[in-house]
Amino acid sequence: MKAELLAPAGSYEALTAALSAGADAVYLGGAAFGARAYAKNLTQEEILRAIDFVHLHGKKLYLTVNTLFKEEELEEQLYGYLLPYYRQGLDAVIVQDLGALRAIRRWFPDLAVHASTQMTVTGSAAARMLEKEGAVRVVPARELSLAEIQRIHRTTGLEIECFVHGALCYCYSGQCLMSSLIGGRSGNRGRCAQPCRLPYEVYEKGRRLGEPGEEYPLSPKDMCTVELLPEILRAGVTSLKIEGRMKKPEYTAGVVSIYRKYLDLYEENPGKYRVLPEDLKKLYDIYNRDGFNQSYYKVRNGREMIALKNEKQIVGSRRGRRNEQLFYEIQKNYLETQPKEPASGCLTLCKGAPAVLTVYAGDACVTVEKEGIQKAQKQPLTEERVRTQMEKTGNTPFWFEQLDIFMEDDVFVPMQFLSELRREAMERLEQELVLPFRRTEPKKAPADSRQNGRKKAEDGQGTVNIRVTALAETGNQLRVLLETSGISAVYADLLCFSKEYYMEEAVAAISRAKSQGKEFWLALPHAVRDGQLNPWRDRFRELIQEGLDGFLVRNLESYAFLQEAGLGGYTAADYSIYTMNHEAQRFWEERSIVRDTVPLELNQYELARRDNSCSEMIVYGYLPMMVSAQCVKKTMDGCNGKNSLVMLRDRYGKEFPVKCCCEFCYNVIYNSLPLGLLKEAETVKKLSPWGVRLAFSMENAAETERIAEQFLQAYRYGSVQEPGQEYTKGHFRRKVE
């Protein structure tokens, strides 16, 4: 399969520039539901025109609907939003929300669905799961190595689309709540405010880490992988994706042109692939964020990937002056010209008969006739004059590669006559070429029979009998929670037990929980890569036999791994397995998830319209804002191979704890204040959740005991005490954009 060069189109001008520069396909967003809400997204009219435009040139167009959908958006808006594009011939949609995936597959079964990088596909098990659900292409997490991508290629029939150039997020895409929790602008809703690009100081036990001037520990450099193209293609990548819907058309065209050049060179002669220094310099001059890195294809993470210092402040405006000539050349070569396709034609001009023009391109052929040929009274037309007029294809997407002209010697027609003949033929040729892509409106599948909305109070869950569960990330927290009366289920982080005596300690904890009448679950890691859970498979099965109730999963790879191991029915979904709408809830119910966790980005009014009867709601805890393959400790101080805790301090003096999980090699950045819905207990209970959860992470044993008792008193017995510390309400009172 020939590799596809995929370009961003944040505007119609960028789309045409991308095709002029050699893109095989473009991806763009419309007026809603795209992960770049602040780009100059195209209008409906522009997208409909763009679909025809790309098809005329033998290219493809993919539409981003890669955000999380609130209930009313999915139920009332998405179908009508997609329908005009579907009928026009849209090639594929890029999707994050599994509820949207479920609905689109039902509404438009012949529309290709691509699994967005926002789904955080970190391994081959998750990719195989999505293939079974009808996805034809996966965009894996940008953090994957070439070897991990190759495993997806070898074990699935999916097309694989990977980023090769442009900006990198610090967080696993789709797992970032930092912008949302700090400023109310959600990356999952296309409105990220990029707090990772702001300055932070890093401290460990009061000692500041890093060198002077290193103030941007969360800001990755841009990626540039043109030198790695042969290895990326050999790993099984079928679509090379350039990032940049927020950038100017000049950026799109310039980057596309260089990657087009080297993709063609590789396909022509793989053995002599070499990137010229002057082309690397062009990519650098077009745009870079304080230098380039080669992404995660060959490294796990590293200091060299981060733009620790703000080089723009250092070099001033020199780069802008250096770019002027380059941008002028890009504008002249790609923005001021339109791509055109070769067409062939045959024109016949004879007296006493209509003029006949037949034009054909690709599989389309049209013939146009027009009356009005006259006998020349003075000076007959010459073939040269007729050819010159007919080859003025102007704003049409065609040029005459071959034009045969058969005419008598003494004929005459006005030049306007020839122009009208050509114009009508070209317009009809366009229509013929795009006609095969048109679709009729499908018969819409019936809506889900599930009753949406708030569960009625008579089920008893809105009373004092509400369940209270708790999650422990440390052994000390676990010991306290196992002894705390009133907690009905305990989730223990996978690493709560020692390596040396893991099974003995885990079995003892299960036994202790059962003796107290509690459920006992293992909470799996926030990020899991391909194969990382393989050593645990037999342990998991043995622990189930010992009475373990199941596993709290935080990502698709964990769930898919358990499903393939025959343990899919022993799973509960954490908040990061998003169930923002009833379609997503149904998706997971159909896959035997025992219960889900209420999304953190819905407020109390939105939750009141949600069926929470099989959902837990987090009411206490330092909420994870970022899960990153990067390591703040390693970047600023080097890796010591041990789990550690460092602090990020922002420009306002707020501190954000960062846990380094070395066993699975990722960082979790937590909010500066814990969520605390203590005084809101009665309001929460009226939402009728299956239960409420206390999530412990930073707390010592004494703090764990005190907080657990406070929340148990509020939620079980209706006795609300003064919290004794400052809490955030998260999005409970605030609607996310």
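Quick caveat: nothing in here was measured; it's all calculated off a predicted structure.
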For this session: Examine the side chains of Tyr296 and Gln630 and answer whether a donor and an acceptor come within less than 3.5 Å of each other.
Result: yes
For this session: Determine the interplanar angle of the His165 and Tyr259 rings, folded into 0 to 90°, and report it as parallel if under 30°, tilted if 30 to 60°, perpendicular if over 60°.
Result: perpendicular
Exercise. Is Glu4 reaching over with its side chain to a backbone N or O of Asp24, donor-acceptor style, under 3.5 angstrom?
Worked result: no
Problem set entry | Interatomic spacing from CD in Glu46 to CD in Glu13 - rounded to 0.5 Å | 11.0 Å
Problem set entry | Note, Ile306 side chain near Tyr216 side chain (heavy atom, < 4.5 Å) | no
For this session: Tell me, please, which residues at least two apart from Asp91 pass side-chain contact (heavy atoms from CB on, under 4.5 Å).
Result: His55, Lys60, Leu61, Tyr62
Exercise. In a check of side-chain contact (heavy atoms from CB on, under 4.5 Å) between Val95 and each of Asn66, Leu101, Leu130, which one passes?
Worked result: Leu101
Problem set entry | Polar contact flag, side-chain donor to acceptor under 3.5 angstrom, Asn395-Gln338 | no
Problem set entry | NZ (Lys370) with more than 12 external heavy atoms under 6.0 Å | yes
Exercise. Going through the distances and angles, do Glu427 and Gln431 end up as a side-chain hydrogen bond (donor to acceptor under 3.5 Å, both in side chains)?
Worked result: CA-CA 6 Å; Glu427 288 175 355; Gln431 294 168 6; 5.6 Å; no
For this session: May I ask you to decide whether Asp110 forms a salt bridge with Arg439, counting only side-chain N to carboxylate O separations under 4.0 Å?
Result: yes
Problem set entry | Residue pair Val299 / Asn293, side-chain heavy-atom distance below 4.5 Å | no
Exercise. So, Thr117 side chain and Pro140 main chain: donor-acceptor pair closer than 3.5 Å or not?
Worked result: yes
For this session: Taking salt bridge (Lys or Arg N to Asp or Glu O under 4.0 Å) as the test, write out the residues that go with Glu161, two or more places apart.
Result: Arg137, Lys241
For this session: Decide side chain to side chain contact (heavy atoms under 4.5 Å, CB included) for Tyr12 and Leu28; before the verdict, give the C-alpha distance in whole Å, the side-chain angles of both, and the deciding distance to 0.1 Å.
Result: CA-CA 9 Å; Tyr12 199 91; Leu28 53 82; over 6 Å; no
Exercise. Is Asp409 atom CG crowded by more than 12 heavy atoms from other residues, nucleotides or ligands, each under 6.0 Å away?
Worked result: no
For residues 221-233, tabulate all N or O donor-acceptor pairs below 3.5 Å that involve a side-chain atom, not counting sequence neighbours.
from, atom 1, to, atom 2, distance (Å)
Lys221, NZ, Glu304, O, 3.3
Asp222, OD1, Arg289, NH1, 2.7
Thr225, OG1, Val164, O, 2.7
Glu231, OE1, Lys298, NZ, 3.2

Exercise. Any donor-acceptor pair under 3.5 Å linking the side chain of Arg189 with the backbone of Thr67?
Worked result: no
Exercise. Do NZ/NE/NH1/NH2 and the carboxylate oxygens of Arg274 and Asp279 come within less than 4.0 Å?
Worked result: no
Exercise. Please walk me through it: do Arg197 and Ser219 pass side-chain hydrogen bond (donor to acceptor under 3.5 Å, both in side chains)?
Worked result: CA-CA 5 Å; Arg197 304 298 184 187; Ser219 182; 3.0 Å; yes
Exercise. Are Glu243 and Lys247 within salt-bridge range, i.e. N to O under 4.0 Å?
Worked result: yes
